[in-house]
Amino acid sequence: MNIIISKTKDEASKKVAELFASDISGGVIKTVGLATGSTPLDFYKYLRAAQPDCQAITTVNLDEYVGLAANHDQSYSYFMHEHLFKDVAFAKHYLPDGLATDSAAECARYDEVLAENPIDWQLLGIGGNGHIGFNEPGAAFDGKTQRVQLTEATLAANARFFDSIEEVPTEAYSMGIGSILNSEKIVLLAFGEEKAAAIKAMIEGPMTNEVPATALQNHANVTVFLDEAAASLLTK
Ligand code: F6R
């Protein structure tokens, strides 16, 4: 893993936007995997400002809440539209459908999307419990798209976006760890001391399903962008 530590989240996000622009400039990247949450907000802000040419690029998102329509203001589809897609033009977008009535069919459909659009460049955040996508502790390292139950810790962490914790959807569709590991290149961002323990476990800890992000130790092309707070427990 390449680890890049910046003083602040803003500085790190700017570097990620520069890396993205330089990686896509050769025209080799056809599909990017995208993430939601607080972590990529500044990265998306820098992409909106830089306006890289993404017109030939397809996007595939990691996850979507079960039960939320794409136009619900807390859905990840809405998040992506608001923070990126309405200002930067891409060829095509894919997200799981939170309102799908047949979960197994929806997971199969998304796996098909991933098979047809192999991810060249995958952006990841990380949960305080080490989750990537919504692959919570215990998730299989070779997993495909699944309908998953969110843990209490994740519900509590995500409650900040809702009026109350009761409104946070308890399930999501998530790309599996196996599909994430199929990406050609992975760029993981983590900011703030609340991510420091998960980052230490991901980089220095043993590989274990209990910390899903440790699966990335098996991948040949991972770059991790941290601010000083998220890097504060690293010893090596
Ligand atoms: C988001 C996702 C999650 C988040 C993680 C961190 O699409 O898949 O794994 O990256 O929960 O969330 P934030 O960035 O809000 O701390």
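All heavy atoms count here, side chains included; hydrogens, waters and symmetry mates do not. First listed ligand is number 1; within each ligand, the first listed atom is number 1. As the structure is a computational prediction, the values presented were derived from the model and not from experiment.
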Students often mix this up, so state it plainly: with edges at 30° and 60°, are the rings of Phe79 and His83 parallel, tilted or perpendicular?
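Taking His83 first and then Phe79, their aromatic rings sit tilted (interplane angle of 30° to 60°).
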Over 60° means perpendicular and under 30° means parallel, so classify the ring planes of Phe90 and Phe85, tilted if in between.
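Aromatic pair Phe85/Phe90 classed perpendicular.
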Identify which of Ile180, Thr36, Leu34 has a heavy atom lying nearest to atom 1 (C) of ligand 1.
Thr36
Which atom of Phe161 lies closest to which atom of Gln74, heavy atoms considered
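The answer is O-NE2, 2.7 Å.
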Check Asn61 against Tyr110 and note the closest heavy-atom contact, atom names and distance.
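Of all heavy-atom pairs spanning Asn61 and Tyr110, the closest is O-OH, 2.6 Å.
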Using a strict cut-off of 4.0 Å, indicate which atoms of ligand 1 neighbour a heavy atom of [X].
| X | answer |
| --- | --- |
| Leu62 | 8 (O) |
| Ser38 | 13 (P), 14 (O), 15 (O) |
| Gly37 | 14 (O), 15 (O) |

Is the closest basic N to carboxylate O distance between Lys14 and Glu11 below 4.0 Å?
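So Lys14 does not pair with Glu11 through a salt bridge.
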For residues [X] and [Y], is any side-chain donor paired with an opposing acceptor at under 3.5 Å?
| X | Y | result |
| --- | --- | --- |
| Ser6 | Lys15 | yes |
| Tyr46 | Asp10 | yes |
| Ser164 | Glu166 | yes |

Under 3.5 Å, N or O to N or O, is Tyr76 touching ligand 1 that way?
no
Looking only at distances, please establish whether an N/O atom of ligand 1 is found under 3.5 Å from an N/O atom of Gly133.
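It does: an N or O of Gly133 is found under 3.5 Å from an N or O of ligand 1.
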For [atom], what is the closest protein heavy atom, and at what distance to 0.1 Å?
| atom | result |
| --- | --- |
| atom 2 (C) of ligand 1 | Asp63 OD2, 3.3 Å |
| atom 6 (C) of ligand 1 | Ile126 O, 3.4 Å |
| atom 10 (O) of ligand 1 | Gly125 CA, 3.4 Å |
| atom 11 (O) of ligand 1 | His131 NE2, 2.7 Å |
| atom 16 (O) of ligand 1 | Lys195 NZ, 2.7 Å |
| atom 14 (O) of ligand 1 | Thr39 OG1, 2.4 Å |

Could you grab the distance from atom OG1 of Thr223 to atom CG of Leu189, nearest 0.5 Å is fine?
10.5 Å
Return yes when Glu194 approaches ligand 1 closer than 4.0 angstrom through a heavy atom, no otherwise.
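Flag not set, Glu194 not near ligand 1.
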Sub-4.0 Å heavy-atom approach of Arg160 to ligand 1
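Checking ligand 1 against Arg160, which is what was asked, there is a heavy-atom contact under 4.0 Å.
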